[in-house]
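Take a look at the structure below.
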Amino acid sequence: MLLAKRSRQVKCVYQILATQKATMSGLQSNMVQIEKSKSPKTKPKLDDLVFGKHFSDHMLVCDYEDGAWKAPLILPFQDFKISPGITSLHYAIQCFEGMKAYKTVEKDVRLFRPMLNVQRMQRTAEKLTLPSFDGEEFLKLLKMLIAIDSDWVPDSRDASLYIRPTFISIDPVIGVRPPSAARLFVITGPVGPYYEQKGTELFKAVKLMADPKYVRAWEGGIGAYKAGGNYAPTLSIQRIAAERGCQQVLWLYGEDEQMTEAGTMNFFVYWINNSGEKELITAPLDSGLILPGVTRQKYPRPQQKMG
């Protein structure tokens, strides 16, 4: 009887530990550990902002190892110490997102539909076999980070705080296989316009190069996912566009030269058709060629007419 009772006790303890491990395996915002920077950086002037060159004081880091998410960390912005063998460096097992925080006239900080970015990252992560994570918990952590660095959000209509969530494999193994370890992190920084502008006009039209011999994505590929590997092959073509006096590339596809995307953006045309109707048209998403943009979802669906 004593052995049976002790066996039941051990089994009960094991079940409790197993339940705790299952509960703790997911990403949890209430487990976050925060370390504030002791050496805040000097913020750049609005006139000196260069897109992607300036970073705020803190970063969010969430690591996945041994089948579970570890406690999230909000830390002073710093370099990573990583193995040169991690598979994200060798096989591009990585994805990212881009979103912005804005300051209103009431000095409040606002995000634009951030959950759509989170959901898109989750879809890309699944495609790349990166571990799943709770989107709502991640968004809570992201908001914590922005709240800590809220004074980095520019008080300007022409600037914003850029937010870069990134998800990489940190599995230190040479071999093409799904990762067993990963890092989901977020860095932020104040930005002005993405394209460098000269003169007094802050925002102006850009020139696009359209050449059918260059292709960004194809049916059956991963053009509909925000994977890092989609971007590097376009750089040499972007250089050609610059040599031709253009700021970006209008990507064409197929024998009929369908317009798909412009640079790294969804492409829209607003016109009056032959029937005299106002239309806003853009490439459909069902082909898998187009990255589903967050901004495009605020506009009417293709079948709806503009008033």
Exercise. Do the non-hydrogen side-chain atoms of L184 and F138 ever get within less than 4.5 Å of each other?
Worked result: yes

For this session: May I ask you to say whether E137 pairs ionically with K140, meaning some side-chain N is under 4.0 Å from a carboxylate O?
Result: yes

Exercise. A147 and S150: which non-hydrogen atoms are nearest, and at how many Å?
Worked result: O-OG, 3.2 Å

Exercise. Shared ILVMFWY cluster between V269 and V206, side chains joined below 4.5 angstrom?
Worked result: yes

Exercise. Which value, rounded to the nearest 0.5 Å, describes the distance between L60 atom CG and T188 atom OG1?
Worked result: 10.5 Å

Problem set entry | Over 12 foreign heavy atoms within 6.0 Å of CD, E136 | no

Exercise. Taking the side chain from K41 and the backbone from S56, do they hold a donor-acceptor pair closer than 3.5 Å?
Worked result: yes

Exercise. Below 6.0 angstrom between ring centroids: does that apply to F112 and Y102?
Worked result: no

Exercise. Between W251 (side chain) and G263 (backbone), is there a donor-acceptor pair under 3.5 Å?
Worked result: yes

Problem set entry | Between F96 and Y231, ring centroids under 6.0 Å | yes

Seminar exercise, completed: Minimal heavy-atom distance between A101 and I146, with the atoms involved, is CB-CG2, 4.4 Å

For this session: Working to the nearest 0.5 Å, report the span between SG of C62 and CG of L73.
Result: 7.5 Å

Problem set entry | Minimum-distance pair of heavy atoms, taken over all atoms of I290 and R216 | CA-NH2, 4.3 Å

For this session: Examine the side chains of E277 and S275 and answer whether a donor and an acceptor come within less than 3.5 Å of each other.
Result: no

For this session: Compare all side-chain heavy atoms of W69 with those of Q28 and state whether any distance is below 4.5 angstrom.
Result: no

Exercise. Do other residues, nucleotides or ligands put more than 12 heavy atoms under 6.0 Å from the CD atom of E65?
Worked result: yes

Exercise. Short question: side chain of S160, backbone of Y162 - any donor-acceptor pair under 3.5 Å?
Worked result: no

For this session: Any chance you could lay out the ring pair (Phe, Tyr, Trp, His ring centres under 6.0 Å) test for F133 and Y64, step after step, and finish with the verdict?
Result: CA-CA 10 Å; F133 62 93; Y64 178 91; over 10 Å; no

Exercise. Would you say V109 and L139 are hydrophobically clustered, going by side-chain heavy atoms of ILVMFWY under 4.5 Å?
Worked result: yes

Exercise. So, does N117 use its side chain to make a donor-acceptor pair with the main chain of G98 at under 3.5 Å?
Worked result: yes

Problem set entry | In one Ile/Leu/Val/Met/Phe/Trp/Tyr side-chain cluster, 4.5 Å: F268, Y270 | yes

Problem set entry | Sidechain-backbone polar pair: S169 side chain, A182 backbone, donor-acceptor under 3.5 Å | no

Exercise. Is there a side-chain contact between H58 and L145 (heavy atoms, below 4.5 Å)?
Worked result: yes

Seminar exercise, completed: Between V153 and K103 the two heavy atoms that sit nearest each other are O-NZ, 3.3 Å

For this session: Please work out which of the three classes, parallel, tilted or perpendicular, describes the rings of F55 and F77, given edges at 30° and 60°.
Result: parallel

Problem set entry | Under 3.5 Å donor-acceptor, D134 side chain and L27 backbone | no

Problem set entry | Validation row: L128, F167 side chains within 4.5 angstrom (heavy atoms) | no

Exercise. What's the spacing between M121 CE and L130 CG if we round to 0.5 Å?
Worked result: 9.0 Å

Problem set entry | M144, CE atom: more than 12 neighbouring heavy atoms under 6.0 Å | yes

Seminar exercise, completed: OG1 (T124) and CD (Q119) are apart, to the nearest 0.5 Å, by 12.0 Å

Exercise. Linking I/L/V/M/F/W/Y whenever any side-chain heavy atoms sit under 4.5 Å apart, do L89 and I170 land together?
Worked result: yes

For this session: Look at the side chain of Q248 and the backbone N and O of L208, then say whether any donor-acceptor pair between them is shorter than 3.5 Å.
Result: no

For this session: Applying side chain to side chain contact (heavy atoms under 4.5 Å, CB included), run through K43 and D151 and close with a yes or a no.
Result: CA-CA 9 Å; K43 298 175 182 61; D151 56 341; 3.3 Å; yes

Exercise. Is there a donor-acceptor contact under 3.5 Å from the side chain of W218 to the main chain of G254?
Worked result: no

Exercise. Is it true that atom NZ of K143 has more than 12 heavy atoms of other residues, nucleotides or ligands lying nearer than 6.0 Å?
Worked result: no

Seminar exercise, completed: Of all heavy-atom pairs linking N266 and L291, the shortest is ND2-O, 2.9 Å

For this session: Would you sort out whether H90 and T87 count as a side chain to side chain contact (heavy atoms under 4.5 Å, CB included), showing the intermediate values?
Result: CA-CA 5 Å; H90 297 270; T87 53; 5.6 Å; no

For this session: Check whether any side-chain heavy atom of P114 sits under 4.5 Å from a side-chain heavy atom of L142, and report yes or no.
Result: no

Problem set entry | Close side-chain approach of L46 to L49, heavy-atom, < 4.5 Å | yes

Problem set entry | Among R123, R164, R120, the one residue meeting salt bridge (Lys or Arg N to Asp or Glu O under 4.0 Å) with E97 | R120

For this session: Could you go through the side chain to side chain contact (heavy atoms under 4.5 Å, CB included) check for F80 and V61 one step at a time?
Result: CA-CA 10 Å; F80 289 146; V61 179; 4.0 Å; yes

For this session: Determine whether I237 and M209 make a side-chain contact, defined as any pair of heavy atoms from C-beta on separated by less than 4.5 Å.
Result: yes

Exercise. Is a donor on one side and an acceptor on the other found under 3.5 Å between the side chain of S88 and the backbone of Q94?
Worked result: no

Exercise. Atom CG in D149, atom CD1 in I187: separation rounded to 0.5 Å?
Worked result: 12.0 Å

For this session: Give a yes or no on whether the backbone of T104 and the side-chain of E106 come within a donor-acceptor separation of less than 3.5 Å.
Result: no

Problem set entry | F267-L252 co-clustered via ILVMFWY side chain contacts under 4.5 Å | yes

For this session: Taking the side chain as every heavy atom from C-beta outward, state whether V186 and P165 have any atom pair closer than 4.5 Å.
Result: yes

For this session: Locate the shortest heavy-atom distance separating I222 from K127; write the atom from each residue and the value.
Result: CG2-CE, 3.8 Å

For this session: To the nearest 0.5 angstrom, please state how far the CD1 atom of I74 sits from the CD atom of Q33.
Result: 11.0 Å

For this session: Please report the C-alpha distance between D155 and K107 in whole Å, then the side-chain angles of each, then the deciding distance to 0.1 Å, and finally whether the side chain to side chain contact (heavy atoms under 4.5 Å, CB included) criterion is met.
Result: CA-CA 8 Å; D155 188 5; K107 310 304 180 186; 2.5 Å; yes

